[in-house]
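These notes concern the structure reproduced below.
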There are 2 protein chains.
Amino acid sequence: MAKYSKIPEATVRRLSNYLKCLDELESKNEKVVSSATLAAMCNVNPAQVRKDFAYFGEFGVRGMGYRIKDLKNHIKDILGINREWRIAVVGIGNLGSAILVYKDFLKQNYKIVAAFDIDPVGVTGRISERLGKPVEILHVDSLKEVVKQRNIEIGIITVPPQEAQKVADLLVEAEVKGILNLSPVPVRAPEHVKIRNLFFTSALDSLVYYLSK
Amino acid sequence: MAKYSKIPEATVRRLSNYLKCLDELESKNEKVVSSATLAAMCNVNPAQVRKDFAYFGEFGVRGMGYRIKDLKNHIKDILGINREWRIAVVGIGNLGSAILVYKDFLKQNYKIVAAFDIDPVGVTGRISERLGKPVEILHVDSLKEVVKQRNIEIGIITVPPQEAQKVADLLVEAEVKGILNLSPVPVRAPEHVKIRNLFFTSALDSLVYYLSK
DNA sequence: AAAAATTTCTCAAGCTTTTAACAAAATCAA
DNA sequence: TTGATTTTGTTAAAAGCTTGAGAAATTTTT
């Protein structure tokens, strides 16, 4: 991991993607995969696949390919997702509650260990009803305290746009390390807190750009 | 628009982002913005901002900057979002219903004109109750027919992973032009149908990669 | 009206990323 | 065991993207 000083951001994105494709292969009981096959699944160049892995070591077997189980572990190690990450969701509206019960998180090492809203009582009934079991939703006022108590490192923002920055500030104050913002406005934080803004409309915008030609 | 043959994908992503920041400026009653200011808001280099626009024409005024209103229109023209895009959402579970009522789509020219589920009756009650108004949810069996009737060009997939590819195939058959896949597995389609896979866990993966160092 | 200041636009240099090509190593077949 | 085949890992070339610097145009100041 010292051989290369800088890893392209695109490589990181692709690693996460390879992982998804490896899951797919594994579910089809494949044991081994070549860079060519994986590349085809991910719409990238086979040389790219090999190069992406080469940044971090030698994971393959020449003449054979990559053992899927091993490769998955290597990628998880690289990404840092071979351990549990404790997450808080802030804003339990439609999107927030969708995230709360999002099955895919459970399979990963992402664990939602707290949910906050400005109206926990009003919201709790609605959510619990929908889930068929009670979910503990706390008032945002307790965010700082609870985030620290529960060792939460990541916050997911699913509040309305006008509240998004305020919540981001709260999360920063509570000393989370990273923020995933799903509200439709960009939020900002000091250098030491990493932010990912994920906008549905941006995904559509870029899709539409390519449709329009 | 003939000066440059190929536009970097990163430029397209940034254009969509500039738009978000311009909205923000406009809401603060700003009329004009310089590449320096916009760059700072978007965490990019000012030269990058100017270059991104230069691909498509001359939108600025020297010594002054960019008129926000004009610039927004230019960007919308470039992206192709200055007209209405008609969308179908398939899979009205938690995430699907969140998307259905997602306020940000309404403000854009993205219009959800159909919703499908495998169990429209069971789901309708739940959704309508939550929205306080009845929402028409159709059976997936009618997808092809309705997509054509209603001139739908984009499909959003929010079904469980094991159904995702099937739904993608259905949408392709119904001749949509593009697909936004929010299910947690990659879906594939023939060349002529554009796909955007948007995975929550991928956003977290890349966030975590940078947190782990 | 002229000078100073500002800011875009353009060009080219510099840097990064991707791709191709090939040597090296392992597997597979005879 | 040997030879043929496969497929990785590596290097270097090619392509692509970002950035800096300066000319050109506009605004602001004097």
Side-chain angles (χ1 to χ4, degrees), chain A residues 1-18 21-22 25 30-72 74-75 78 206 209-210, chain B residues 1-18 21-22 25 30-72 74-75 78 206 209-210:
Chain A
M1 222 195 197
K3 195 170 174 186
Y4 297 92
S5 58
K6 206 183 157 268
I7 308 301
E9 204 172 313
T11 292
V12 178
R13 257 205 308 279
R14 282 190 300 264
L15 285 175
S16 172
N17 221 86
Y18 297 148
C21 291
L22 291 171
L25 288 165
E30 299 288 335
K31 301 297 178 204
V32 166
V33 69
S34 70
S35 59
T37 305
L38 191 53
M41 290 179 78
C42 297
N43 286 311
V44 298
N45 185 297
Q48 181 80 79
V49 172
R50 297 196 293 275
K51 187 69 198 275
D52 282 339
F53 297 153
Y55 284 118
F56 304 98
E58 305 190 5
F59 307 148
V61 183
R62 296 179 187 207
M64 185 199 195
Y66 300 86
R67 272 183 251 277
I68 293 177
K69 197 157 152 275
D70 293 355
L71 186 55
K72 279 182 62 178
H74 278 301
I75 297 179
I78 295 166
S206 105
Y209 172 79
Y210 292 102
Chain B
M1 222 194 198
K3 196 169 174 187
Y4 297 91
S5 58
K6 206 183 156 270
I7 307 302
E9 205 172 312
T11 291
V12 177
R13 257 204 310 279
R14 282 190 299 265
L15 285 176
S16 173
N17 221 92
Y18 297 149
C21 291
L22 291 171
L25 287 165
E30 298 289 333
K31 301 298 178 204
V32 167
V33 69
S34 69
S35 59
T37 305
L38 191 53
M41 290 179 77
C42 298
N43 285 310
V44 297
N45 186 296
Q48 181 79 79
V49 172
R50 297 196 292 274
K51 185 69 197 272
D52 283 337
F53 298 152
Y55 283 117
F56 305 97
E58 305 189 4
F59 307 148
V61 183
R62 296 180 187 204
M64 184 197 194
Y66 300 87
R67 271 183 250 276
I68 292 177
K69 196 157 154 273
D70 293 355
L71 186 55
K72 278 182 64 178
H74 278 300
I75 296 179
I78 294 166
S206 107
Y209 172 80
Y210 293 102

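All chains are named by letter (A, B, ...) in the order of the sequence lines, taking the proteins before the strands, and each is independently numbered beginning at 1.
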From the list Gln48(B), Lys51(B), Arg50(B), side-chain hydrogen bond (donor to acceptor under 3.5 Å, both in side chains) partner of Ser35(B) resolves to Arg50(B)
Rounded to whole Å, CG of Asn45(B) lies from C1' of dG20(D) at a distance of 8 Å
Closest to the side chain of Tyr55(B), out of dT19(D), dG9(D), dT18(D), is dT18(D)
Rounded to whole Å, CZ of Arg62(B) lies from C1' of dT27(D) at a distance of 13 Å
**Request:** Please determine if a side-chain N or O atom of Ser34(A) lies less than 4.0 Å away from the OP1 or OP2 oxygen of dT7(D).
**Result:** no
Arg67(B) CZ to dA25(D) C1', in whole Å, measures 14 Å
Here the pair of heavy atoms bringing Lys6(A) nearest to Tyr55(A) is O-CE2, 4.5 Å
On a heavy-atom basis, the closest approach of Tyr18(B) and Cys42(B) is CD2-SG, 3.6 Å
**Prompt:** Which is true for Ala36(B) with a 4.0 Å heavy-atom rule: it touches a base, it touches only sugar-phosphate, or it touches nothing?
**Reply:** nothing
Rounded to whole Å, CZ of Phe53(A) lies from P of dT8(D) at a distance of 10 Å
- Message: Is there a side-chain contact between Arg14(B) and the phosphate of dT18(D), meaning an N or O under 4.0 Å from OP1 or OP2?
- Response: yes
Heavy atoms under 4.0 Å, any strand shown: does Phe59(B) hit a base, just sugar-phosphate, or nothing? sugar-phosphate
Atom CZ of Arg13(A) and atom C1' of dT18(C) are separated, to the nearest Å, by 14 Å
- Is the distance from OP1 or OP2 of dT7(D) to the nearest side-chain N or O of Ser35(A) less than 4.0 Å? no
d(Leu25(A) CG, Tyr66(A) OH) to nearest 0.5 Å is 14.0 Å
Between the CD atom in Glu9(B) and the OH atom in Tyr209(A), the distance rounded to the nearest 0.5 Å is 10.0 Å
Regarding the side chain of Lys6(A), the nearest nucleotide among dT10(C), dT18(D), dT17(C) is dT17(C)
Of Ala47(B) and Thr11(A), the one whose closest nucleotide on DNA chain C sits nearer the 5' end is Ala47(B)
Side-chain atoms of Ala10(A) come closest, of dT18(C), dT19(D), dT10(D), to dT18(C)
- [ ] Evaluate the side chain to side chain contact (heavy atoms under 4.5 Å, CB included) criterion for residues Leu22(A) and Ile75(A): first the C-alpha distance (whole Å), next the side-chain angles of each, then the deciding distance (0.1 Å), finally the verdict.
- [x] CA-CA 10 Å; Leu22(A) 291 171; Ile75(A) 297 179; 3.8 Å; yes
When rounded to whole Å, the CD to P distance for the pair Gln48(A) and dG9(D) reads 15 Å
Taken to the nearest whole Å, CZ/Arg50(A) to C1'/dA23(C) is 13 Å
5'-most contact on DNA chain D (nearest-nucleotide basis), Met64(B) vs Met64(A), goes to Met64(A)
Sorted by position of nearest nucleotide on DNA chain C, 5' first, the leading residue of Gly63(A) and Gly60(B) is Gly60(B)
From CG of Asp52(A) across to P of dT19(C) the rounded distance in Å is 10 Å
- Message: Mind checking if Lys51(A) touches a base, just sugar-phosphate, or nothing, with heavy atoms under 4.0 Å?
- Response: base
Base, sugar-phosphate, or nothing for Tyr66(B), non-hydrogen atoms under 4.0 angstrom? sugar-phosphate
